[in-house]
2 protein chains.
Amino acid sequence: MTANRRPRRSSGRITLNDVAGAAGVSPITASRALRGERTVDPALAERVREAADRLGYVPDPAARALASQRSTQVLVLVPLLSNALFVDLLEAVHRTLFPEGFQPLIGVTHYDSAEEELLLRTYLPHRPAGLLVTGFDRSEAARQLIVHSGVPCVHLMETSAAPGVACVGFSQQDAGATITRHLLERGRKRIAFCAAQLDPRVLQRAEGYRRTLREAGLYDPRLELLSPERSSIALGARLFEDLVQRMPDVDAIFFCNDDIAQGGLLAANRMRVDVPGRIAVAGFNDLAGSAQMVPPLTTIRTPRSEVGRAGADMLLGLMRGTLAQPQCVQLDYELIVREST
Amino acid sequence: MTANRRPRRSSGRITLNDVAGAAGVSPITASRALRGERTVDPALAERVREAADRLGYVPDPAARALASQRSTQVLVLVPLLSNALFVDLLEAVHRTLFPEGFQPLIGVTHYDSAEEELLLRTYLPHRPAGLLVTGFDRSEAARQLIVHSGVPCVHLMETSAAPGVACVGFSQQDAGATITRHLLERGRKRIAFCAAQLDPRVLQRAEGYRRTLREAGLYDPRLELLSPERSSIALGARLFEDLVQRMPDVDAIFFCNDDIAQGGLLAANRMRVDVPGRIAVAGFNDLAGSAQMVPPLTTIRTPRSEVGRAGADMLLGLMRGTLAQPQCVQLDYELIVREST
DNA sequence: CTGAAAGCGCTTACAG
DNA sequence: CTGAAAGCGCTTACAG
């Protein structure tokens, strides 16, 4: 009877060596078989898979990452989780990546470039297989970290004409123009723009608003209410009250996001301001609850799930090398007309 | 001039060896110094840190995880991201763990035990340093995976008397009883309970509702409207309409979550049902927007940020071995009375 | 307090 | 198509 000598530092886990031994092949062949490399004899490969199943073998991701210099995690950076927009985006990313063997690793930047940089510094050393980031607005240091990491990166929610930049988004400016045009077509003349957060995408919507009103000869800078505060229902209510008091002749408001628009609608309810009779109200994104507001909210349905899916798909191609050139995909948004305008 | 021989597989990265060389010590000493072990001569440690800084050394997490059999990631499993409750929880967890050198890895189960199991099977091989899960309701297989992994685990949002189980939460049942009692004190007799999702915590609130009404001799099972659908504003509106039509004598509704309560309030606005004149409406969780509803919503403020912080703190103790025994911490909730009741 | 050796569990690069 | 050797970059366990 041999003494039960355990190796000095065994973790007790079933290793590739065990599988190889059971299948009667070398560890390299076992490794190749399990990773589905083509260069393995089908019969051998089958024997290896069988042995792995029987032993309950699970590859060690750390060993794999160390040896191959690449993990299967995909770092996904979003500004916030409290905006349902990004939750929809993340869900779509997960649905696309996870079944393909990649695990999204969510990082929240809070619209703060220092935080984004810290997240990159923390997670890039893990050698993620890919990177999904929101928009193009980041510190130069963050940009350098991404480029020098050599990790394939797709930008979400905005589009860019810059060559070699992979992105999936839609035209925030055109969408902003579309909803403004809709208000004009409803016969409104004094159309206000209420915004919070003031991130680049909000400012692009603002530009669409301005462009449209200028073309109509109706632009008035006093009708722009821009707050750097975090977007919220409570803030929307305050902005609405403020605007109605200070600018009694306003006959329409384009809120840059549905949550502040909902707040505006609730404030109108409380103040008994007739919507759309006296003031038309429009939002942006078509978030949960907008269709149930009184009156239901006119808004832009943004394709965030589609952005997530298409962005993850593009990244998959980049990571696997099946997509040679980074692309820029522009998706469609949709104007949803409800009773608030 | 020596030929520029690069090692066969160098990743080009600065390694611990480089730092040790620059500091004139062995790699083990460098490793100990950088991890802050006490057994290193302060002067040497300082020299190592200096060298590391100068060279821009960043430890390789994969190598570290492989050698130490432990990563610095903490797996956090929540049911949904679309419920603001869990977003608050995650934010608190991140704020607590990240500065201490641990990175939360978010997994979303969608209230599906098969998905939870798959997430555990996928992420446990990464040897996370700790595990944070929502509630106690999971498959036996999932439970076994957790126990056998040996990874310290804290359960969030519910409390349990079971010994050896680490948890941080509050009494869902008592909170449900508290809001029901409040409605009774307002003189309501026909108090309905509207619920969605029907996860264990919702059912515990239901139990608190039943207990309280039974004690008051006012329990009527026909006043319970339980929907297995996902909780949402739209569903809340439907449940409200349904209830008002089928049970015209209902004079109060306790919604199990603020989002369906908000939907109920919006339906009341649309149907011109007087709240609280004809029907009092109460919610649960105190989510964004509840204070802005018309009328503002009475609800229970649940301590989810506190749960996240305290749960992460407890896990920190468990991971570091400074907390010998798993504990069960019960936190307080707060009744927020607004004008809807 | 410090270090030489071994090892964590894989994959790469080379050879056949 | 298959494998022996080396190596990825750390830390553990032992010795001094």
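Convention: sequence-line order gives letters A, B, ...; per-chain numbering from 1. Computed from a predicted structure; not experimentally measured.
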Within less than 4.0 Å of OP1 or OP2 of D:dT2, is there a side-chain N or O belonging to A:Thr29?
no

Quick one: which of C:dG9, D:dT2, D:dG9 gets closest to the side chain of A:Arg32?
D:dT2

Would you kindly say whether A:Ser305 and A:Glu91 are connected by a side-chain donor-acceptor distance under 3.5 Å?
no

Does some side-chain heavy atom of A:Asp199 sit less than 4.5 Å from a side-chain heavy atom of A:Asp137?
no

For DNA chain C, whose closest nucleotide is more 5', that of B:Pro27 or that of A:Glu37?
B:Pro27

Rounded off to whole Å, could you give me the CD-to-P distance for the A:Gln69 and D:dA6 pair?
20 Å

Partner lookup for C:dA4, please. Criteria are Watson-Crick or G-U wobble with both distances under 3.5 angstrom; report none if nothing qualifies.
none

Hey, which sits more toward the 5' end of DNA chain D by its nearest nucleotide, B:Arg64 or A:Ile28?
A:Ile28

Quick note, A:Leu44 side chain, CB onward, closest among C:dG9, D:dT2, C:dT2 is D:dT2

Report yes or no: do A:Ser139 and A:Glu117 form a side-chain donor-acceptor pair below 3.5 Å?
yes

Mind calculating the distance between CG (A:Leu66) and C1' (D:dC8) to the nearest angstrom?
4 Å

Measure up the B:His94 and B:Phe98 rings against each other and bin them: parallel (under 30°), tilted (30 to 60°), perpendicular (over 60°).
parallel

Which nucleotide sits closest to the side chain of B:Tyr57: D:dT12, C:dC10, D:dC10?
D:dC10

May I have the distance from A:Asp41 (atom CG) to D:dG3 (atom P), rounded to whole angstrom?
11 Å

Would you mind reporting whether B:Val133 and B:Leu156 have side-chain heavy atoms less than 4.5 Å apart?
no

Selected nucleotide, minimal atom distance to B:Ser31 side chain, candidates C:dT12, D:dG3, D:dT11:
D:dT11

So does B:Ser26 get a side-chain nitrogen or oxygen closer than 4.0 Å to the phosphate oxygens (OP1/OP2) of C:dG3?
yes

Has B:Arg70 got a side-chain N or O lying under 4.0 Å from the OP1 or OP2 atom of D:dT12?
no

Scan B:Met319, B:Gln327, B:Gln325, B:Arg320 and name whichever one has a side chain to side chain contact (heavy atoms under 4.5 Å, CB included) with B:Leu323.
B:Gln327

Counting heavy atoms from C-beta on, name the nucleotide in D:dG9, D:dT2, D:dT11 closest to the side chain of B:Asp60.
D:dG9

Among the nucleotides C:dT2, D:dC1, C:dG9, whichever has the atom closest to the side chain of A:Ala63 is C:dG9

Using only side-chain N and O atoms of B:Arg35, determine if any of them is under 4.0 Å from OP1 or OP2 of D:dT12.
yes

Spacing between B:Asn17 atom CG and D:dT11 atom C1', to the nearest angstrom
13 Å

Tell me which nucleotide among C:dT2, C:dC8, D:dG3 gets nearest to the side chain of A:Val25.
D:dG3

Should A:Ser68 be listed as having a side-chain N or O under 4.0 Å from OP1 or OP2 of C:dT11?
no

Contact class for B:Thr39 vs. all strands (heavy atom < 4.0 Å): base, sugar-phosphate, or nothing?
base

A:His126 NE2 to D:dC8 C1', straight-line distance once rounded to whole Å:
16 Å

Please give the nucleotide sitting opposite D:dA13 as a Watson-Crick or G-U wobble pair, both distances under 3.5 Å, or none.
none

